[in-house]
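Hydrogens, waters and symmetry mates play no part in the numbers below; they use all other heavy atoms, side chains included.
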Amino acid sequence: MILTEDIPRIAPMGRRGKVRIGVAGGASIAVRRMLPAMARHPDVEIAAVASRDPAKADRIAAQFGCRAATGYSSLLTDGGVDALYVPLPAALHGEWAERALRAGKHVLGEKPLTTDPAHTRRILAEAASRRLTVFENVMFVHHSRHATVRELVAGGAIGRLRAFRSCFSIPGLPDGDIRYRADLGGGSLFDVGLYPVRAALHFLGAGLRVTGAVLSTGDRTVDTSGAVLLEAPGGVVAQLTFGMEHHYQSGYELLGSTGRICVDRAFTPPADLPTEIVLETSGGVRRIPCPPDDQAANTLTAFAAAVATGSGADAACLDQADLLEAVRRAAAPLSAAA
């Protein structure tokens, strides 16, 4: 496994110490969440936005006050770009991450970093060999509310942890959406299932074993819903559900020997949304208020710090890739039988 400490140093950054980011494409996640966060962030600078459509590049660049570029490859030879942000379809993340590293650029890649753990390993090894940083954009782990939850569990607020449950589901997408295309890495597991999988890793740690999984396609060519049963080394069990043609749901629950913790709007809360943690014990229900927190900005802070200190790749990225593959393999016989 490539650990954070294995990526010690970096390429020179931009003026005033900011990380100058080139954005490969105008995906919705980029325009709605990441570019606005980048534009406000003191540690990063939007150097350029590239698109295969020059008019689209011009439009987005004008909106965020940066240069426009035609074609993603132009960012790789741009001396004013320190890092490439890759918000392309999932099946293309790995290719462009590798190309960026070979061009001497750091990488902020949308999740999943790749759709194959062997490819993820190659990318992390490439980054280590070139002393570059690779960062997977799983934003929710950088929201301060989840650190509070960890502290509550560690402090014995719910006794001994026994079980974890999580669900992330979203309403149906337009028929032409790329997430319905298998050739582009579509499907619910990579799009929404990744969140409860990563949440299980975040709270239960590495070494999770898949004891059962189902991926359902319905009338689509990709999986549109799924369920996973996991077991942690200490015997804690996790139940995960997800889907992308469902009522919206985004949350998790930690069940202990003396209480439970519930968190709603867990994965994609708006930056200005006050949230809460619900702690239930025999003594009653306590609602712990949490101030608004911008997880996109926090992610950029973590990325810029990783670039500045050379602390590089998050080991959880590879644990997540392995676990997603284990889910796919466990579900495959059932999918074939259906």
Side-chain angles (χ1 to χ4, degrees), residues 90 111-113 115 117 120 136-143 145-146 149-150 153 158 161-172 179 185-218 220 222-256 260-269 277-278 295 314-335 338:
K111 52 82 186 167
L113 184 63
T115 57
T120 298
E136 185 179 36
N137 193 30
V138 182
M139 288 187 279
F140 82 89
V141 299
H142 300 285
H143 195 289
R145 179 168 47 157
H146 310 303
V149 171
R150 277 177 154 178
V153 174
I158 58 173
L161 185 59
R162 300 296 191 190
F164 176 82
R165 303 188 191 107
S166 181
C167 178
F168 190 30
S169 58
I170 60 174
R179 286 168 285 185
S188 62
L189 177 61
F190 287 138
D191 190 62
V192 291
L194 180 147
Y195 290 85
V197 165
R198 183 58 170 264
L201 282 167
H202 194 67
F203 291 106
L204 304 183
L208 298 176
R209 182 173 66 91
V210 178
T211 60
V214 175
L215 294 174
S216 174
T217 59
R220 301 285 183 179
V222 297
D223 57 282
T224 55
S225 65
V228 180
L229 184 64
L230 304 172
E231 183 180 15
V236 178
V237 294
Q239 298 170 292
L240 317 178
T241 55
F242 49 90
M244 59 185 197
E245 294 186 334
H246 300 59
H247 175 70
Y248 179 82
Q249 193 171 0
S250 171
Y252 61 79
E253 173 186 349
L254 292 143
L255 182 64
R260 68 171 181 160
I261 291 171
C262 298
V263 173
D264 195 16
R265 299 295 296 270
F267 301 127
T268 58
I277 298 164
V278 179
Q295 62 188 34
D314 180 0
C317 171
L318 189 52
D319 292 334
Q320 174 188 284
D322 286 335
L323 195 52
L324 289 170
E325 180 62 19
V327 169
R328 292 178 68 187
R329 290 180 181 276
L334 294 175
S335 300

Separation of [Y] [atom2] from [X] [atom1] (nearest 0.5 Å):
X: L194; Y: K111; atom1: CG; atom2: NZ; value: 6.0 Å
X: Y195; Y: T268; atom1: OH; atom2: OG1; value: 7.0 Å
X: L318; Y: T120; atom1: CG; atom2: OG1; value: 6.5 Å
X: L254; Y: I261; atom1: CG; atom2: CD1; value: 5.5 Å
X: D223; Y: S216; atom1: CG; atom2: OG; value: 8.5 Å
X: E325; Y: T115; atom1: CD; atom2: OG1; value: 9.0 Å

Shortest non-hydrogen contact from [X] to [Y]?
X: P269; Y: Q295; result: CD-OE1, 3.5 Å
X: A266; Y: R145; result: CA-NH2, 3.6 Å
X: L201; Y: A206; result: CD2-CA, 4.2 Å
X: A330; Y: V210; result: CB-CG1, 3.7 Å
X: R328; Y: L215; result: CA-CD1, 4.4 Å
X: A199; Y: F267; result: CB-CE2, 3.9 Å

* Asked: In chain order, what residues pass the side-chain hydrogen bond (donor to acceptor under 3.5 Å, both in side chains) check against Y252, with sequence neighbours excluded?
  -> H146
* For S166, all residues meeting side-chain hydrogen bond (donor to acceptor under 3.5 Å, both in side chains), sequence neighbours excluded ->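 Here no residue qualifies.
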Could you tell me if the side chain of [Y] sits less than 4.5 Å from the side chain of [X], heavy atoms only?
X: V153; Y: F203; value: no
X: Y248; Y: R265; value: yes
X: L204; Y: L230; value: no

All N/O donor-acceptor pairs, side-chain side in residues 235-245, below 3.5 Å, sequence neighbours left out:
residue, atom, partner, partner atom, Å
Q239, OE1, R165, NE, 3.3
E245, OE2, Y180, OH, 2.8
E245, OE2, R220, NE, 3.0
E245, OE2, R220, NH2, 3.3

* Asked: Would you say the side-chain atoms of Q320 pair up with the backbone N or O of R198, donor to acceptor, closer than 3.5 Å?
  ->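 Absent.
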* Please work out which of the three classes, parallel, tilted or perpendicular, describes the rings of H202 and F140, given edges at 30° and 60°. =>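 The rings of F140 and H202 stand perpendicular, inter-plane angle above 60°.
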